[in-house]
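I have placed the structure first, in the form of structure tokens, so that the comments after it can refer back to it.
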Amino acid sequence: MAIDTDTARRVAHLARIRVEQERLPALAQELSAVLAFMEQLSEVDTDGVEPMTSVTPMQLKRREDVITDGNRQDDILANAPDAREGFFAVPKVVE
Amino acid sequence: MTMTLNALTIADARDLLAKGDVTSRDLTQSCLDAISDASALNAVVTTTADMALEMADSADARIKAGDATAMTGIPLGVKDLFCVEGVRSQAASKILDGFTPRYESTVTSKLWASGAVMLGKLNMDEFGMGSATEYSVYGSTVSPWRATGSETKLTAGGSSGGSAAAVAADLCLGATGTDTGGSIRQPAAFTGTVGLRPTYGRCSRWGIIAYASSLDQAGPMTKTVRDAAIMLGAMAGHDAKDSTSADIAVPDFEAAITGDIRGKKIGIPREYRLDGLSDAIAKQWDDGAAMLRDAGAEVVDISLPHTKYALPTYYVIAPAEASSNLSRYDGVKYGHRAKLGAGDGIDDMYEKTRAEGFGTEVQRRVMLGAYVLSAGFYDAYYRKAQRVRTLIKGDFEKVFADGIDAILTPATPSPAFALGAAAEMNPVEMYLNDVFTVTLNLAGLPGISVPSGLSADGLPLGLQLIGKPWEEGDLLNTAAALEKAAGFTAKAARWW
């Protein structure tokens with residue numbers, strides 16, 4: 001299935017990646033080429049085949065519902081581009 | 001002696017350390033010297049010399065005290081995908097610019113606990129997405145190998161290209177890699193080194209920067225099969241912090257290398273004999289099968305009928321998981337944030353940050369992933385790929401149930417290509433590099449690339465062996481038999 005410029009714009013927005021208007025046709029073409037490659041999968045008869053959701057058949061472990069870590073505010077903020085007064089700072093969200 | 005210590009294998013270094021013939025400090029210094037002379041390779045992106053010498057001294061003390069493990073005092077390189085506490089770890093991406101973790105990945109913490117020495121961080125394709133180590137914020141890694149009579153710069157493969165180049169050029173005794181679609185085995189094949197991708201769940205993924213969580217697995221990259229066995233033993237094991245890590249015992253992988261493969265059944269999958277497979281690769285493959293037969297194994301033709309669909313399946317599932325995993329890079333918690341204009345809101349911050357921070361290939365995969373997971377396409381692409389993945393895994397289960405012990409295939413469709421060649425290819429052509437390696441990631445199986453010979457123009461070629469789940473020991477034993485029969489001893493002639 002071919003992706004048009006509008007779909008490319010929508011996908012870029014879904015991915016939260018800014019793509020300038022003039023780049024969109026080339027992006028649409030690149031994505032279409034890869035999707036055409038993926039189309040081969042439609043040849044495969046998968047009726048009655050379960051989707052694989054676990055690499056190794058195993059029961060995921062449960063752990064005790066206890067606190068094992070915490071009180072690491074400094075560690076968590078240490079790499080933030082903008083941290084103030086113990087918080088992550090971001091541009092104004094609400095007017 | 002100091003001059004050549006860096007060229008030792010892990011096994012030989014261990015024995016010399018145990019006898020007191022060398023110290024970890026000398027071994028480590030020898031690697032640090034080799035690293036500082038090898039900047040032309042751009043394999044090591046951060047050198048941690050002070051940390052390395054301090055760790056070497058503790059290792060020497062530990063050896064003296066009689067408290068050594070097989071890895072105590074062994075200097076290693078670490079792929080930039082692993083978080084190492086206090087050391088810049090940014091997955092070769094601009095978006096993690098300057099990121100310095102306050103924690104340690106489980107695999108590296110196990111290695112340091114065993115006494116191994118941290119030399120530095122190694123180059124790679126951004127977030128593990130690539131096959132040439134060209135998509136890196138640090139610039140391309142250059143292979144130590146050159147074709148006979150040529151000065152053309154070649155790729156060391158990817159995504160663990162820095163690890164492969166560092167091991168091949170004797171900058172370290174071994175290195176960690178990660179393998180999502182072939183990122184350990186393809187670079188190993190391109191550089192005449194050994195690369196082992198263990199069974200999914202054998203090594204904890206905790207603290208390894210995620211690409212595609214159901215496919216990612218860490219493994220050793222070394223000079224010999226025995227070294228891979230030794231190093232895997234120190235990396236593997238259950239970890240409560242990774243719910244997909246397997247709670248099963250870690251055997252002595254080195255002890256599994258007996259040299260005896262008599263009676264083993266080795267499968268040759270007919271679907272891997274692709275149209276256009278080069279004569280050189282086809283010959284390596286046939287020779288490899290003959291070597292295993294001469295060593296007493298039974299070589300049989302097998303069929304893995306869904307092989308053809310592995311690549312398209314991978315290129316749905318891996319980008320889908322990547323788009324989800326990489327959503328955490330938003331310019332808030334770590335790394336790069338774009339400069340914002342007056343009036344820019346939070347969405348502008350996300351979009352500008354991600355456009356500036358992610359390279360072209362990462363952007364492409366994140367967008368593809370967002371597309372195949374989006375409403376209306378989820379069933380047609382993602383769900384469909386998951387169903388085909390079940391069939392691909394079923395192909396392997398069937399041949400193993402029929403008594404096959406391991407499967408022999410080429411590791412790559414060609415020897416190493418020139419740097420820059422990838423930029424000339426379209427994405428799909430580039431993805432074909434993974435055609436022999438990607439199937440076992442989808443099935444969660446262990447695989448190893450073993451150097452088997454040289455091409456007509458003097459470049460390394462590798463063969464891949466695929467094993468049964470949790471049978472890395474048996475796989476390593478078969479690989480060691482192949483390694484011994486192939487007798488690959490070539491090293492890259494030093495030009496750097």
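Note that this is a predicted model, so its numbers are computed, not measured. In what follows, every chain begins at residue 1, and chains take the letters A, B, ... in the order their sequences are listed.
No donor-acceptor pair under 3.5 Å is formed between the side chain of B:E104 and the backbone N or O of B:V84. Using modelled atom types, one side-chain atom of B:D395 and one backbone atom of B:H306 make a donor-acceptor pair closer than 3.5 Å. Side-chain atoms of B:Q217 never come within 3.5 Å of backbone atoms of B:T178 as a donor-acceptor pair (strictly under, hydrogens ignored). Counting only distance, with no hydrogens or angles, the side chain of B:D348 and the backbone of B:G345 share a donor-acceptor pair below 3.5 Å. At least one donor-acceptor pair under 3.5 Å links the side chain of A:Q73 to the backbone N or O of A:G86. Between the side chain of A:D82 and the main chain of A:V90, no donor-acceptor pair closer than 3.5 Å is present. A:R72 places a side-chain N or O within 3.5 Å of a backbone atom of B:R102 that can act as its donor or acceptor partner.
Between B:K468 and B:F400, some side-chain heavy-atom pair lies under the 4.5 Å cut-off. Contact annotation: the side chain of B:F377 never approaches that of B:Y382 to less than 4.5 Å [non-hydrogen atoms, C-beta and beyond].
Heavy atoms of A:L77 lying under 4.5 Å from chain B are absent altogether. When heavy atoms are compared at a cutoff of 4.5 Å, B:M349 approaches chain A solely by way of its side chain, counted from C-beta outward. Only the backbone of A:E50 comes within less than 4.5 Å of a heavy atom of chain B; no side-chain atom from C-beta onward does. Neither the backbone nor the side chain of B:A240 comes within contact range of chain A; no heavy atoms are under 4.5 Å apart. Contacts between B:Y314 and chain A at a heavy-atom distance below 4.5 Å are absent for every atom of the residue. With a 4.5 angstrom heavy-atom cutoff, B:K308 touches chain A via backbone and side-chain atoms both. Using a 4.5 Å cut-off between heavy atoms, B:V428 contacts chain A through its side chain alone, with no backbone atom that close. In this structure, no portion of A:R62 lies under 4.5 Å from any heavy atom of chain B. In this structure, chain A has a heavy atom under 4.5 Å from the side chain of B:Y431, while its backbone stays farther away. For B:D344, the part lying near chain A is the backbone, with the side chain staying farther off; criterion is any non-hydrogen pair under 4.5 Å.
Counting non-hydrogen atoms of neighbouring residues, nucleotides and ligands closer than 6.0 angstrom, the CD atom of A:Q29 reaches no more than 12 such neighbours. Taking a 6.0 Å sphere around CZ of A:F87, one finds it holds 12 or fewer heavy atoms contributed by other residues, nucleotides or ligands.
Ring-centre distance between B:F99 and B:Y334: below the 6.0 Å cut-off. For B:W470 and B:Y200, the gap between ring centers reaches or exceeds 6.0 Å.
The residues B:E397 and B:K393 are annotated as salt-bridged, a charged nitrogen and a carboxylate oxygen being separated by less than 4.0 angstrom.
Against chain B, the residues from residues 6-16 of chain A that qualify, each with a non-hydrogen atom under 4.5 angstrom away, are A:T7, A:R10, A:V11, A:A12, A:H13, A:L14, A:A15, A:R16 in number order. Listed in order of number, the residues of residues 317-331 of chain B that approach chain A to under 4.5 Å between heavy atoms are B:G331.
Considering only heavy-atom pairs separated by less than 4.5 Å from chain B, the leading option among A:T56, A:T68, A:T53, A:D45 is A:T56. For the set A:D75, A:N79, A:V19, the entry with the most heavy-atom pairs within less than 4.5 Å of chain B is A:N79. Among B:M367, B:R383, B:H336, B:R364, the residue with the largest count of heavy-atom pairs under 4.5 Å with chain A is B:M367. Note on B:Q386, B:R354, B:R387: by heavy-atom pairs under 4.5 Å with chain A, the leading option is B:R387.
For the salt bridge (charged side-chain N to carboxylate O under 4.0 Å, His left out) test, residues two or more places apart in sequence or in another chain that qualify with B:R365 are B:E361. In this structure, A:D4 has no salt bridge (charged side-chain N to carboxylate O under 4.0 Å, His left out) partners at least two apart in sequence or on a different chain.
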